[in-house]
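Note that ligands are numbered from 1 as they come in the structure, with each ligand's atoms numbered from 1 the same way.
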Amino acid sequence: MAIFESHGADEVVTGSCHLLRLENGVNILVDCGMYQGKEEHRNEEPFGFDPAEVHVLLVTHAHLDHVGRIPKLVKEGFTGTIIATKATFELANVVLLDSAKLMEEEYRTQYRKALRRGEEKRVKPPLYTVEDVENVWLLPTVHAPYDKPIAVAKGVQAVYRNAGHILGSAFIELSHKEGGAKHKIVFSGDLGNIREIVMPLVEQAHEAEHLVIESTYGDRNHRPMKESVAEFKKAVRETLLNRGNVIIPSFAIERTQDILCILKQMYRDKELPYCKVFLDSPMGIRATNIFNRYVDELRPVCQEFYRRDGDVFDFPGLHFTVDVEDSKRINEIERGAIIIAGSGMCTGGRILHHFKHQIWNERNTVIFVGYQAEGTIGRKIVEGAKWIKIYREKIRVRAKIFTINGFSAHADQNELIRWMKGFEKLGEIFLVHGEYDKQLVLQKAIKKRLGKKATIVEEGKEYFLQPGGKSPTKKKKKK
Ligand code: ZN
């Protein structure tokens with residue numbers, strides 16, 4: 001009987017890492033993500049399994065919380081094959097290199113400080129380095145096309161289907177033979193929001209004995225996207241007409257491309273006052289260039305832009321800012337600029353120097369289009385802070401602040417339930433990738449609307465997958 005265990009994204013959102021041990025001895029890992037926010041310390045802990053015993057790693061998509069621990073996995077003995085869509089490999093490389101560089105920089109800073117105190121031996125080395133990331137790509141890799149079965153191991157097949165979450169994202173249907181019968185397990189990865197701007201709709205899955213599904217927004221339904229887009233456009237127009245600048249902290253993958261696409265539509269529809277738009281994020285620029293190479297995987301409006309202009313996102317007035325000096329020069333512009341910069345939660349990056357130069361000015365506007373975690377500068381501003389501290393300098397917040405919540409890249413409760421309803425055959429449901437209290441709400445909704453019991457997956461526990469998807473027996477894992 002196959003055994004399923006989670007070593008991340010268990011009653012939390014980050015650190016996705018799910019292990020499937022098949023009866024024929026094949027061990028398959030689905031995702032190997034980084035823990036983020038208050039779970040970050042868990043990245044240092046052992047995996048809870050031997051990486052050398054994993055034969056294949058299947059990756060659902062390139063977000064850091066799904067790929068961020070791959071270099072650690074390789075460092076600790078994984079030598080198997082990595083399977084993902086081609087776009088996921090490209091984006092994952094950008095994401096992992098950025099992550100390694102940030103950790104190396106942080107290490108150097110801490111080391112210098114500790115050296116002055118004579119405590120340099122106490123500084124922890126980075127989780128992995130750029131060299132470790134490069135070592136990942138020395139392993140065998142397989143590009144998974146959408147909707148075509150590929151061989152994963154002896155007697156095991158996978159089909160990647162478009163999850164509509166970010167470019168290259170997939171949910172994975174895994175089939176294997178056991179006891180003469182064929183079994184199917186589906187891993188949802190992260191499922192997209194039907195109101196997405198650049199990503200297509202999530203495909204429907206039809207059959208699973210066992211479904212491992214995300215539950216990020218299992219407790220709520222998003223505001224309609226139309227309202228969010230209208231609010232965004234209004235804030236942009238009013239600020240520019242009032243001779244101010246617009247600052248948008250943004251995540252490099254997907255959200256940045258959504259914003260560029262909306263601005264380009266505004267330009268097309270003559271709704272955008274004269275302005276200069278700066279994408280001031282080297283990682284955002286790299287990701288945007290990758291999106292441009294996979295036009296067929298984007299929404300029709302993006303394909304139309306590409307056919308017309310030879311580029312999905314470019315329009316007159318858009319500038320890509322690579323150099324730090326050019327980035328600093330943006331702050332000399334007193335009005336008529338839209339600045340998109342990272343990091344998305346304002347924990348570092350170029351957005352901070354834009355805040356320093358812009359947020360004290362009441363003519364300017366900051367538009368938050370993504371989640372701001374507790375403890376971040378972004379969260380403080382969203383919650384109405386009058387002052388913030390940037391590079392040890394106290395700065396007055398006088399700019400107008402907008403928080404637009406409808407741009408989520410995740411399915412909400414209605415969409416998760418609707419997707420599960422679309423299955424013709426659905427056995428056992430496992431909930432991962434969600435905070436526990438939100439999972440409880442989804443669990444109840446599943447019971448009420450689908451008449452099914454869903455299991456909230458606990459860290460490191462073995463779940464024996466019964467043929468036919470009957471309720472699994474649970475056993476505490478021996479430590
Ligand atoms: Zn994701």
So, is the end of the Lys264 side chain (NZ or CZ) under 6.0 Å from the ring centre of Phe305 and within 45° of the ring's axis? yes
Closest approach of Glu297 and Met199, non-hydrogen atoms and distance? O-CE, 4.1 Å
Angle at the Zn ion (ligand 1) (to 10°), with one arm to ND1 of His63 and the other to NE2 of His165: 90°
Between His18 and His7 (judged by ring centroids, cut-off 6.0 Å), do the two rings come close enough to count as a pair? no
With respect to the Zn ion (ligand 1), please indicate if Asp190 possesses an N, O or S atom at a distance under 2.8 Å. yes
Verify the distance test for His410 against the Zn ion (ligand 1): any N/O/S atom under 2.8 Å, yes or no. no
Does a side-chain N-to-carboxylate-O contact under 4.0 Å join Glu428 and Lys453? no
Could you tell me whether any N, O or S atom belonging to His61 is less than 2.8 Å from the Zn ion (ligand 1)? yes
